[in-house]
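It should be emphasised that the depicted structure is a prediction, and the values quoted were computed from it without experimental measurement.
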Number of protein chains: 2
Amino acid sequence: MATGRTHRPATRSRGIPEATVARLPLYLRALTALSERSVPTVSSEELAAAAGVNSAKLRKDFSYLGSYGTRGVGYDVEYLVYQISRELGLTQDWPVVIVGIGNLGAALAGYGGFASRGFRVAALIDADPAMTGKPVAGIPVQHSDDLEKIIEEDGVSIGVIATPAGVAQQVCDRLVAAGVTSILNFAPTVLSVPDGVDVRKVDLSIELQILAFHEQRKAGEESNAEADAAVDEETATAVAPPAPRGATGGSRKGPDGDVPAVMPA
Amino acid sequence: MATGRTHRPATRSRGIPEATVARLPLYLRALTALSERSVPTVSSEELAAAAGVNSAKLRKDFSYLGSYGTRGVGYDVEYLVYQISRELGLTQDWPVVIVGIGNLGAALAGYGGFASRGFRVAALIDADPAMTGKPVAGIPVQHSDDLEKIIEEDGVSIGVIATPAGVAQQVCDRLVAAGVTSILNFAPTVLSVPDGVDVRKVDLSIELQILAFHEQRKAGEESNAEADAAVDEETATAVAPPAPRGATGGSRKGPDGDVPAVMPA
DNA sequence: AAGTGTGAACTAGTTCACAGCT
DNA sequence: AGCTGTGAACTAGTTCACACTT
């Protein structure tokens, strides 16, 4: 590769895969730790272990950024920290607003990982007038009436939504109208945004539900039959298995013949 | 497989793709909202819109669970709620412990989405003796000395780690040793666990960094040169670009000959 | 000898498009 | 007529394995 110039380098020049982008912060964290311990170089194997991925994946990821390693040696820690920081846009600092200063919003405001590495809490915003002026994590809360003004004045492009689900969409709309183009959503709701605006969501209950799915599977693996039966009885009243509307016996079934045990027929 | 018994149905029977599992909670939430509004049926198109995915994906996802829809009509809301709940293991209730009752842990303890749908906060645990006995969100905090006892007595299999990064791994080890097999990690660190234990992580700063990456890209798209230049000057001193160890000019470059536009050279 | 960088093979996930049921 | 369920085509992501560099 290194030799094949003449450009038109595949599709769209700087096409770093999304999955790779999502891992860069992980590498960066591991590298920063090494940097603090004054470790000069790492191999892909060592760094991968520290980041919790496998080394082939890590090398492939880095290959999208360029050739930043030295064969036979490894990667220069400081140099890589810089390159990844730059790639992620962390060499500039990003003012961030947090909207919704309840328990969660307050916890986020106080979170250390925020201040570090390129992010700065520009403002805390809440709709409750009783909160206005109250300092949270050393920053006075501002009223949401001023949301637009704050965003425009500070040139904020990243917003964090930590409001109740019911108002998240309207908050989002206002943020976007005021110029925010990236949103981190902690409210348990789907946000719709125009093209060009990025939304990422963090959702406790979704994560728990995914864990529960796998947990259930583990439980079922050993003592197959009776575990389910016991569970079913316990919750049978709480969660009634509603019959399908139309046909009752029909062809309605899971891929492995579900329902039977629960169905009162 | 109501009909085709004799098992060994393809690879490992109930092979629901991980990506599908991750979306089931989304569908469930949308369905629950419909259910509360007493909507009897939905089409894949409508439900997909509510869940923020496209309808082909939704139908494919549901096809892994079984044939729960009715052609020409759609899906019965109540029935689907039940089926997905069951699939996710939410028809039983899962006791959960939260370890680390700082700002975040307290916020999680008070989070409504917890109590709903199958999860119950069995205990709050903190290492600080000053916290012991103090009620948080109505639940008295217990000391971490009792961690093993609590987990065993309540049969807890899901643990939430909201401690500082420095102690997260040891907390994790103790949870696992005591019988926890699913962990939701809010500490910004990589946890290593034995086979059979699931870990999911929620990491604010990773999410922000991913947003920053895309944000940076957006900025570069319009007015390419000067926007970056301004930024570089501002932060040039703060983040020095360290030279690579060995060769200085060499072949070191991004896949499409990076730097040019931004570099003052 | 050590360890990167990367084509090639593979696996997972998404989207298409339409047959088939109600 | 309407909408699901799903093979088939496609796209993204991962892993392998080894040529190449230091």
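- For residues 20-31 of chain A, proximity to DNA chain C is found at no residue, defined as any non-hydrogen atom under 4.0 angstrom from a strand atom.
- In this model, the phosphate group of dG3(C) is not approached by any side-chain N or O of Tyr68(A) to a distance below 4.0 Å at OP1 or OP2.
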What protein N or O atoms touch nucleotides 7-11 of chain D N or O atoms at under 3.5 angstrom, if any, and at what distances?
unit_1, atom_1, unit_2, atom_2, d
dG7(D), N7, Lys60(B), NZ, 3.2

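- In the set dT4(C), dG5(C), dT4(D), the nucleotide with an atom closest to the side chain of Ser63(A) is dG5(C).
- Asn54(A) has no side-chain polar atom (N or O) that falls below the 4.0 Å cut-off from OP1 or OP2 of dT14(D).
- Formation of a donor-acceptor pair under 3.5 Å by the Ser85(A) side chain with backbone atoms of Val81(A) is found in this model.
- Within the structure, ring-ring contact (aromatic ring centres under 6.0 Å, His included) contacts touching residues 27-60 of chain A (residues at least two apart or in different chains) are Tyr27(A)-Phe62(A).
- Contacts of Ser44(B) classified as side-chain hydrogen bond (donor to acceptor under 3.5 Å, both in side chains), with partners at least two apart in sequence or in another chain: Arg59(B).
- Taking the six-membered ring for Trp and the full ring otherwise, Tyr79(A) and Tyr68(A) have centroids separated by under 6.0 Å.
- For residues 206-215 of chain B, the set of pairs meeting the side-chain hydrogen bond (donor to acceptor under 3.5 Å, both in side chains) definition, not counting sequence neighbours, comprises Glu18(A)-His214(B), Thr181(A)-Glu215(B), Ser182(A)-Glu215(B), Arg200(A)-Glu207(B), Glu215(B)-Lys218(B).
- Checked against side chain to side chain contact (heavy atoms under 4.5 Å, CB included), Val190(A) has no partners two or more places apart in sequence or in another chain.
- A straight line from OH of Tyr64(A) to P of dT4(C) spans 17 Å, rounded to a whole angstrom.
- Rounded to whole Å, atom P of dT6(D) lies 19 Å from atom NZ of Lys57(B).
- Atom C1' of nucleotide dT14(C) and atom CD of Glu18(B) are separated by 16 Å, given to the nearest angstrom.
- Among the atoms of the strands shown, only primed sugar atoms or phosphate atoms (P, OP1, OP2) are found under 4.0 Å from some heavy atom of Tyr75(A).
- In terms of the side-chain hydrogen bond (donor to acceptor under 3.5 Å, both in side chains) criterion, residue partners of Asp173(B) (sequence neighbours excluded) are, by chain and number, Gln169(B).
- Summarising the geometry, the separation between CG on Leu58(B) and P on dG13(C) is reported as 17 Å, rounded to the nearest angstrom.
- Under the salt bridge (Lys or Arg N to Asp or Glu O under 4.0 Å) criterion, Arg23(A) pairs with Asp61(A), sequence neighbours left out.
- Pairs passing the salt bridge (charged side-chain N to carboxylate O under 4.0 Å, His left out) check and including a residue from residues 33-50 of chain A, sequence neighbours excluded, do not occur.
- Residues that satisfy the side-chain hydrogen bond (donor to acceptor under 3.5 Å, both in side chains) test with Ser192(B), not counting sequence neighbours, are absent from this structure.
- Here Ala50(B) pairs with Ala30(B) under the side chain to side chain contact (heavy atoms under 4.5 Å, CB included) rule; sequence neighbours left out.
- dT6(D) atom P lies 14 Å from atom CD1 of Ile16(B), rounded to whole Å.
- Atom-to-atom, CD of Glu45(B) to P of dG5(D) comes out at 14 Å; the value is rounded to the nearest Å.
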Report, as a single string ordered 5' to 3', how protein heavy atoms within less than 4.0 Å touch nucleotides 17-22 of chain D: B base, S sugar-phosphate only, - not at all.
B-BBBB
